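Since the model is a prediction, treat every value here as computed from it, not as a measurement. We name chains A, B, ... by the order of the sequence lines, and we start the count at 1 in each one.
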There are 2 protein chains.
Amino acid sequence: MSHVRYRRLMAVDRDHVLRSAAALLTRKSTATMDEVARAAGISRATLHRQFAGRDALVRALEALGIAECEAALAAARTDEGPATDAVRRLVAEIEPHAGLLAFLYSENQLFEGEEQNEGWARIDESVATLFRRGQSSGEFRIDLTPAWLTEALYGLLASAAWAVAEGRVAPKDFTHMIVELLLGGVRRPAEPAARKES
Amino acid sequence: MSHVRYRRLMAVDRDHVLRSAAALLTRKSTATMDEVARAAGISRATLHRQFAGRDALVRALEALGIAECEAALAAARTDEGPATDAVRRLVAEIEPHAGLLAFLYSENQLFEGEEQNEGWARIDESVATLFRRGQSSGEFRIDLTPAWLTEALYGLLASAAWAVAEGRVAPKDFTHMIVELLLGGVRRPAEPAARKES
DNA sequence: CGCACGTGAGACATTCTTGTCTCATGCGGA
DNA sequence: TCCGCATGAGACAAGAATGTCTCACGTGCG
């Protein structure tokens with residue numbers, strides 16, 4: 001019984017620590033274990049009891065990021081309706097986690113070789129499948145590979161997260177900025193007199 | 001006399017070291033001073049004689065990146081002709097240095113506060129000016145701010161550089177991928193029967 | 001030949017971070 | 001009240017990277 005109580009308390013704390021760490025590392029990716037602990041309001045010893053080391057912490061954050069991405073993919077129902085709308089929903093779902101994603105994205109570039117978590121491969125595949133679906137349906141152009149579009153989406157998410165964090169762009173525009181640029185590009189569409197497009 | 005000789009030799013070496021370091025740090029941004037020295041074919045002592053420390057090395061790389069960006073901006077003649085073509089020229093000019101830029105870009109996110117080199121501000125302004133010019137001329141849409149477009153360009157450059165480095169996309173497509181996505185977006189343009197666009 | 005100078009190799013102290021450990025404290029339950 | 005247990009504080013050793021220094025070597029030049 002008390003076991004259960006304690007377990008639950010620890011679980012709650014673990015989640016809180018994880019989110020604090022994510023928020024801190026998003027801003028300062030080189031933060032030390034001591035800083036992470038302090039940011040979570042616990043001591044370094046306790047932090048170390050919950051996560052065997054820095055690697056374990058980062059791996060836990062990676063798992064969290066993967067879980068959030070998969071949740072976002074599921075919530076966005078990327079296989080339903082027009083691919084265009086699915087992309088909009090996906091970006092909107094990911095927006096709250098873009099900071100963590102940006103951290104993990106750059107963290108992955110930090111090491112060469114060193115196989116990455118298989119979860120990312122699944123997510124890459126889901127996103128690429130969405131783009132591929134859009135190409136098949138004729139919504140998307142076919143001269144840009146799904147792999148590149150996937151990478152580009154990550155890059156735009158990270159850029160936007162950093163730009164927002166540093167106050168260079170307004171947070172409220174986050175989803176709009178990314179979706180509009182990704183879908184429509186910067187070139188102004190040649191206005192064909194009047195058309196159904198608003 | 002010998003002064004001149006030695007100065008010139010050192011300058012050449014310095015440039016070689018800088019480029020080796022750029023190439024290495026592009027792949028492994030956490031490379032140690034010893035690895036950087038080894039990559040340049042010199043000893044750690046000599047590396048230290050040319051660059052007071054790691055900070056000095058990174059700052060020198062930053063200066064190199066800034067110089068290359070400014071050279072690219074100049075070579076692309078961003079204030080001439082259609083902004084669309086100017087963007088194409090700019091990306092093409094930057095392509096060879098995208099790896100270094102990606103390293104510096106993520107390096108800048110590593111620290112909070114810590115004022116960044118003013119050179120970046122000038123470059124940001126030049127790029128933003130290009131986008132603003134495109135908006136004024138009616139080539140570009142006006143619902144995306146020049147600041148965001150600038151950030152997005154950096155993000156796409158970094159994404160593409162990493163994707164190429166890891167073999168996820170073909171190097172030869174670099175400029176095409178970035179320019180086409182940035183300018184036209186992923187959405188397939190509604191085909192208005194026949195039009196001047198090829 | 002002899003000298004000056006850049007260089008490589010390596011020793012060394014220093015600093016930072018990590019990981020482990022111990023101990024006192026406080027809180028909650030039995 | 002008493003006990004169990006998680007926590008915080010801090011000491012400690014180990015490892016990595018850095019920065020500094022010395023010394024021997026080789027090359028080029030006078």
I want to check one thing: is the phosphate of dT7(C), taken as OP1 and OP2, less than 4.0 Å away from some side-chain N or O of S43(B)?
no

I'd like to know if R49(B) reaches the base of dG19(D) with its side chain, counting only an N/O donor and acceptor under 3.5 Å.
no

W148(A) versus D173(B): any side-chain heavy-atom pair under 4.5 Å?
no

Taking CG from L47(B) and P from dG19(D), how many angstroms apart are they, rounded to a whole number?
10 Å

Looking at dT7(C), I'd like to know if its phosphate oxygens (OP1 or OP2) sit under 4.0 Å from a side-chain N or O belonging to T46(B).
no

The residue, R44(B) or R44(A), whose nearest nucleotide of DNA chain C is more 5′ is R44(B)

Send over the distance from Q50(B) CD to dG8(C) C1', rounded to a whole Å.
13 Å

Let me know the distance between CZ of F51(A) and P of dT18(C), rounded to the nearest Å.
15 Å

Nearest whole angstrom, please: distance from the P of dC16(C) to the CZ of R54(B).
16 Å

Length of the line joining M33(B):CE and dT20(D):C1', which is rounded to integer Å
13 Å

Mind telling me whether Y105(A) and W162(B) have parallel, tilted or perpendicular rings, with 30° and 60° as the class edges?
perpendicular

Taking atom types as modelled, find out whether T46(B) and Q50(B) have a side-chain donor-acceptor pair closer than 3.5 angstrom.
no

What is the separation between atom CG on D55(A) and atom P on dT17(C), rounded to the nearest whole Å?
16 Å

In whole Å, what is the span from the NE2 atom of H48(A) to the P atom of dT17(C)?
13 Å

Does the pair R14(B) and F51(B) meet the rule for a side-chain contact (heavy atoms from CB on, under 4.5 Å), with working shown?
CA-CA 9 Å; R14(B) 182 187 151 95; F51(B) 302 96; 3.4 Å; yes

Looking only at side-chain N and O atoms, does T32(B) come under 4.0 Å of OP1 or OP2 in dT18(D)?
yes

Rounded interatomic separation in angstrom, taking NZ from K28(A) and P from dC16(C):
12 Å

